[in-house]
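Atoms within each ligand, like the ligands themselves, are counted from 1 in listed order.
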Amino acid sequence: MPEIFAQVILPLSLHDAYTYRVPEKWHSVIQPGQRVVVQFGAKKFYAALVLSLSENPPQHVELKEIVQLLDEEPVVLPPNLELWKWMAGYYCCTLGDVFRAALPTGLKLESKSKIIATGHDEELEISEKEFRILEWVKQDVSTLDLLQKKLGREFSYAALKSLLDKNIIQVEEKVSAKYKAKTETWVKLHPQIKTEADLQTAVETLQRAKKQQALLFHFIEKTHIFQAEQVFQIQKKMLLKGTVFSTAILNELVAKNILKTFQQQVSRIEEKVSKQADLNLLNKYQQQALDETKSCFEKNQVTLIHGITASGKTEIYIHLIDEVLKQGKQALYLLPEIALTTQIIERLKNVFGPKVGIYHSRLNSQERVEIWKKVLQFQTKPKEGYQVILGARSALFLPFSNLGLVIVDEEHENSFKQFDPAPRYHARDMAVVLGKQNNASVLLGSATPSYESFYNALAGKYGLVNLTKRHSSMELPEIIVADLKRAWNKKQMKSVLTPELFNRMEDALNNREQVILFQNRRGYSPFVQCFTCGWIPKCKNCDVSLTYHKYKKRLTCHYCGFSIAMPDECPECGSPEIKSRGFGTEKIEDELKPLFPGKRIERMDLDSTRSKNAFGKIIHNLESRKTDILIGTQMVTKGLDFEHVSVVGILNADNLINFPDFRAHERAYQLVSQVSGRAGRKHSRGKVVVQTAQPEHPLIELIRKQDYMAAFNTQMAERKLFKYSPFFRLIKLVVKHKNPENVNRVASRLADSLRKNSSLVILGPEFPLVSRIQLWYHKEIWLKIHPKLPLAEVKNFILENIEWVRNQPDNSSCVVNIDVDPV
Ligand code: ADP
Ligand code: ZN
Ligand code: ZN
């Protein structure tokens, strides 16, 4: 019998795969893509992933055995692993980094993963070892690390896995902790009622309570109790829907131990799908765009749809997905997290029904594992698995087996980029790679394409399809530029509103139309200041001023969350006159209330959408016209579609234009267009008022004319001159340490040694706009790389230099992050 060795990836930032001996009992079943438990380091265990198998061990090393095989079938497929490798190479990170980003926490079992009891253990049989683990878990000894420590040799991975399989314990994800799982009330017969005769008796006892009796009959009818096709339980809302029965009557029956109500978690993936609808017929422009897209696909071209807001890009995506499904292939539809609203989910579910799965970070870890498994299932049982996934960037990693199409909508969005931790990948670019690797078509769509993608399209590298007409002859909104300076000087401002904006808002509201206002700052005011001595409170961990949140009466850091109570008097000079400066969404809400009495104003920003359903509720209120004015940050720009919004106001465009970043103008243009796209989508022509203190700024003029091409060309000229993307490739290095001297020393050394390569253009090191975050000082070095240079070699050169500088005396505690294609 030859021996078998497995090369595994550990969920750690390690550069290599590690080899373990496979015990003979698993020789016939082990496959790449399965998870195994291995020991690494003194006493740590990890769930690792089998990358490959071989019969030849590496020489001169002592190998440990795999402790446990966790999966019967691979959970990651060979094409997924190809993407992982590509990603690690391109973004200069480790396979372990990609592993951690790729798998949902529930499949990862990191040693710091928190394990919780689900409470489903009452009727299930468990072994002695399982019992011991469960006992500790219930006492809140909750990480894998701690369990191993407490149980010592009694800890068994097999028992842990068995508990997980039986859903007695779960691996909890940190982010999901603040979201409550959605539950619904269900109704069943009380367990005391076991036979038809029992039920008969129950009916009789209700002779004097006719309504309760009628409800019981209704329940019997709905559930077919004691008939062949009986269902045992029914959702409360389904039971009472369309009837005269109230919850009070139901509660009476519950009190009499005839019926029983209980809470059941609704897995959102099983939410009942409304009736499946046919595809919309495309209008002639959409049909043409669809045909053009398909002919680009035939030439194997990645294709960019440049279609103005409400031109029907989503309709085209739906048609393309439909065709792919008919070929028996899978489709992936990526959207920025925040654009994954019920609106788009419903549109897709209406057409594709249960074939669609949704994957994003607001799901809990269990839900994500379920979706992962249903995508996997498509390979063996296509009818039961998911064929279409609508998801945020991490949906890229799902185990597709037969991918035919990848769509990246709102492809210009920088939330497709993962900033921290590594891999610092861009989902749009990875979608292109994923498509190539799987021989799947790739479609990028936007009303305001990123300049990188548009450049690629003009250069012929991507196919380009234009869609310049809004559906059903809606017009693009009219853009009005309002001069803030003049309005101030003439004392015409009403709070933050110029007369141009105020008057249009009034007209709209009088017509029962709605208004959206955009301001890219949340909180009450971006900072407060002592009126007497000029003192401005700053974060103790970061190099930023604290934002005032009036509702909570606190000053908060938006970088690290540090927060203090708003002082009554200045700690420097004792003056009580501390004034708020600038306008955040909260303050605008406050100030608009008296200006528009009786109108309902709502706010959409990070603070008002923290709870799981808040976001959906705000959207619902706007849709159902419960809200008259919505004030929001970036969140209001994302692909929402409202019928009655006729005025959109950009309160301060200068914040956008003057931002010190080479992409500031691109972003400002995108933002204004996207927010404008919310105006007048259904009925009359919408109006957008852009308030600015620099109405003569060339970009403002281009925004007014909605001239994407001219804005693009202006920027391209600058970027070419100053060697920015897309003409040069960019890599950003960030040196971090708690001690500013260390940062300075390491960053300078690193930059000096990189400069030995004279073909690279190197900027810095320099402190970024915010040079200290959470006590860590940051310094950046930017590299501009000519497209003709061999990128892989340049990256190696950079990695070697980082390695070298960190190996110098006293430097090893510095962190150096590498960010390829920073945004
Ligand atoms: P985009 O994705 O380009 O912003 P959408 O696909 O959301 O545009 O279309 C805007 C609105 O017009 C949506 O409400 C959509 O349902 C409607 N619409 C677009 N095309 C059609 C069509 N061919 N038939 C029916 N409704 C359409
Ligand atoms: Zn003071
Ligand atoms: Zn801070």
Side-chain angles (χ1 to χ4, degrees), residues 277-290 305-321 333 335 339 341 343-348 350-351 407-411 443-449 465-474 476 527-547 554-564 567-579 623 637-645 673-674 676-683 770-778:
D278 289 334
L279 299 188
N280 283 328
L281 279 180
L282 296 182
N283 67 38
K284 70 172 187 220
Y285 306 103
Q286 293 166 345
Q287 186 60 48
Q288 195 185 341
L290 179 71
I305 289 200
H306 179 199
I308 60 173
T309 49
S311 55
K313 294 183 290 298
T314 315
E315 295 295 331
I316 294 175
Y317 304 155
I318 291 174
H319 279 254
L320 286 166
I321 293 172
Y333 183 156
L335 266 170
T341 60
Q343 288 188 336
I344 180 73
I345 293 172
E346 268 167 22
R347 270 173 85 179
L348 244 68
N350 278 341
V351 184
I407 294 167
V408 186
D409 192 20
E410 314 281 358
E411 67 84 34
L443 183 63
L444 314 177
S446 172
T448 49
V465 175
N466 288 301
L467 203 50
T468 54
K469 291 269 189 304
R470 283 188 144 190
H471 180 64
S472 66
S473 65
M474 285 179 287
L476 270 180
F527 64 102
V528 299
Q529 191 169 28
C530 168
F531 206 59
T532 313
C533 75
W535 170 78
I536 295 174
K538 293 209 156 188
C539 177
K540 73 175 172 60
N541 306 323
C542 314
D543 172 32
V544 291
S545 55
L546 295 172
T547 300
R554 294 191 79 80
L555 296 167
T556 302
C557 171
H558 284 183
Y559 282 81
C560 74
F562 169 77
S563 152
I564 52 169
D568 295 327
E569 52 187 47
C570 172
E572 298 286 313
C573 73
S575 157
E577 280 198 89
I578 298 179
K579 298 247 154 110
E623 263 174 348
T637 62
K638 307 295 183 253
L640 302 171
D641 188 0
F642 302 111
E643 279 187 50
H644 301 282
V645 173
S673 305
Q674 296 285 345
S676 309
R678 307 308 122 218
R681 274 171 86 101
K682 282 273 158 70
H683 298 294
V770 178
S771 62
R772 192 174 62 133
I773 298 174
Q774 286 189 297
L775 297 174
W776 286 72
Y777 287 88
H778 290 213

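In this structure, Gly307 falls outside the shell of residues with a heavy atom less than 4.0 angstrom from ligand 1. Within the structure, the closest approach of Arg470 to ligand 1 does not fall below 4.0 Å when heavy atoms are considered.
Heavy atoms of Glu315 found under 4.0 angstrom from ligand 1 belong to the backbone as well as the side chain. No part of Leu467 comes within 4.0 Å of ligand 1, judged by heavy-atom distances. Neither the backbone nor the side chain of Asp409 comes within contact range of ligand 1; no heavy atom lies under 4.0 Å. For Asn280, every heavy-atom contact with ligand 1 shorter than 4.0 Å involves the side chain, none the backbone.
Using a 4.5 Å cut-off on side-chain heavy atoms (C-beta onward), Val408 and Leu443 make no contact. The shortest distance between side-chain heavy atoms of Leu555 and Pro567 falls below 4.5 Å. Residues Tyr333 and Thr314 are in side-chain contact: their nearest non-hydrogen atoms beyond the backbone lie under 4.5 Å apart. By the 4.5 Å heavy-atom criterion applied to side chains, Ile308 and Arg470 are counted as neighbours. With contacts defined as side-chain heavy-atom distances shorter than 4.5 Å, the pair Ile536/Val528 does not qualify.
Qualifying ring-ring contact (aromatic ring centres under 6.0 Å, His included) partners for His558, counting only residues two or more places apart in sequence or in other chains: His549.
Atom OG of Ser545 sits about 10.0 Å away from atom CD of Gln529, to the nearest 0.5 Å.
For ligand 1, the atoms sitting less than 4.0 Å from at least one non-hydrogen atom of Ile308 are 3 (O), numbered in the order shown with element in parentheses. Of all atoms in ligand 1, listed by their number and element, those nearer than 4.0 Å to a heavy atom of Leu282 are 23 (N). Numbered from 1 in the order shown, with element, the atoms of ligand 1 that lie under 4.0 Å from a heavy atom of Leu281 read 22 (C), 23 (N), 24 (N).
What you find for Thr309 and Ser673 is that their closest heavy atoms are CG2-O, 4.3 Å. Glu411 and Pro449 make their closest contact through OE2-CA, 3.2 Å (heavy atoms, listed as atom of the first residue, atom of the second, distance). Scanning all heavy atoms of the two residues, the minimum distance from Ser311 to Leu467 falls at OG-CD2, 3.5 Å.
Of all protein N/O/S atoms, those lying under 2.8 Å from the Zn ion (ligand 2) come to 4.
Residue side and main chain included, His558 places no N/O/S atom under 2.8 Å of the Zn ion (ligand 3).
Below 3.5 Å of separation, one finds an N or O of Arg347 facing an N or O of ligand 1.
Rounding to 10 degrees, one finds that the Zn ion (ligand 3) sits at the corner of an angle of 110° between Cys542 SG and Cys557 SG.
Nearest to atom 26 (N) of ligand 1 by heavy-atom distance, out of Gln674, His471, Gln287, is His471.
Between the side chains of Asn280 and Glu315, at least one donor-acceptor pair of N or O atoms lies under 3.5 Å. Using a 3.5 Å distance cut-off with no hydrogens or angles, the side chains of Thr448 and Gln674 do pair a donor with an acceptor.
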